[in-house]
Amino acid sequence: MSRTVYVNRRYMPEEQATVSIFDRGFLFADAVYEVTSVVGGKMLDFTAHAKRLERSLGELDMAAPCTMDELEQIHRQLIERNELDEGLVYLQVTRGAADRDFAYPVGATPTLVLFTQAKSIIDSPTAQTGIKVISIPDIRWGRRDIKTVQLLAPSMGKMAAKAAGADDAWLVEDGFVTEGTSNNAYIVTADGTIVTRDLSNDILHGITRAAVLRFAAEAQMAIEERPFTIDEALNAKEAFFTSASAFVCPVVQMDGQAIGDGKVGPVAKRLREIYLEESLKTAT
Ligand code: PDD
């Protein structure tokens, strides 16, 4: 079925949607994006995604294509027009079309594209079984806190994982895990402490991460925000990851070795339940 998508102030069938070949998103990956999950036709944490988008735009001196209120309305329109019950809304802003030049063009009009993707996020098989990851070097650039569309390194990581018979890769820099290819990474230590890397330019400041840590703290769970090593992950009781497109998902194997007993652990399971319960309460 053809979707209705949004391109530069117009809703249209996906087959008719086009962007200029001179668009800097296409030529320079000069673009930022957001992925917001939808459950029961409602968005989870839209305001936090809009805030992070504003921050990404600001860090790159990129003009906002419209107000955040207008963005929210476009999200809603797309959910409605596509009768999206469960899935994702993808949004991308580029600096716009201009003659090819490394320097930012003056006065270019930003390109704004949004589309929906139907997906079962709640009843996901991987949440039931957990996933297998491999560890690989983090070859990405130094501003991973900006959510840009430079996603070739993560794509290469996913392909390396696939080739190794795993589902995803955890990225390692200077001996420490930064994050997953498209998610934030966590371990649970022998004493039950949830450990995840602290926020810096080294990782994306996940919206799901912020929510999960808030809910975990409210549930009196112990949390440490610090880098951890692959060795710590291999010896952990549990491991899991978070993202808007997967919520909380267990990791049961790394580099061919079982983590904990190799089964979905109680902390990841509980956090997934709490996350879903709490975020659905405030979904809009
Ligand atoms: N990925 N780290 C990276 C590198 C990511 O790409 C993502 C999100 C996250 C988790 O952030 P959040 O909880 O805000 O989704 C962490 C999205 C879902 C994607 O690229 O599809």
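Start at 1 with the first residue, then count along the sequence. Just so you know, ligand 1 is whichever comes first in the structure, and atom 1 is the first atom listed for that ligand. For clarity, every value in this text was computed on a predicted model and none was experimentally measured.
- Taking Ile, Leu, Val, Met, Phe, Trp and Tyr as hydrophobic and joining them when side-chain heavy atoms fall under 4.5 Å apart, one finds Ile136 in a cluster with Ile134, Leu171.
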Can you give each donor-acceptor pair under 3.5 Å made by side-chain atoms of residues 252-259, sequence neighbours left out, with the distance rounded to 0.1 Å?
residue, atom, partner, partner atom, Å
Asp255, OD1, Ser135, N, 2.7
Asp255, OD1, Ser135, OG, 3.4
Asp255, OD2, Ser135, OG, 2.6

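- Note that Arg100 lies outside the cation-pi zone of Phe22, set by a 6.0 Å cut-off to the ring centre and a 45° limit from the axis.
- Phe228 has its ring centre no less than 6.0 Å from the ring centre of Phe176.
- The aromatic rings of Phe28 and Phe102 stand perpendicular to each other, their planes meeting at an angle above 60°, with 30° marking the opposite boundary.
- Pocket lining of ligand 1, defined as residues with a non-hydrogen atom under 4.0 Å away: Tyr33, Val35, Arg52, Arg140, Lys147, Glu179, Thr181, Ser182, Asn183, Asn184, Leu204, Gly206, Ile207, Thr208, Thr242, Ser243, Ala244, Ser245.
- The side chain to side chain contact (heavy atoms under 4.5 Å, CB included) check on Lys119 picks up Leu88, Ser245, with sequence neighbours excluded.
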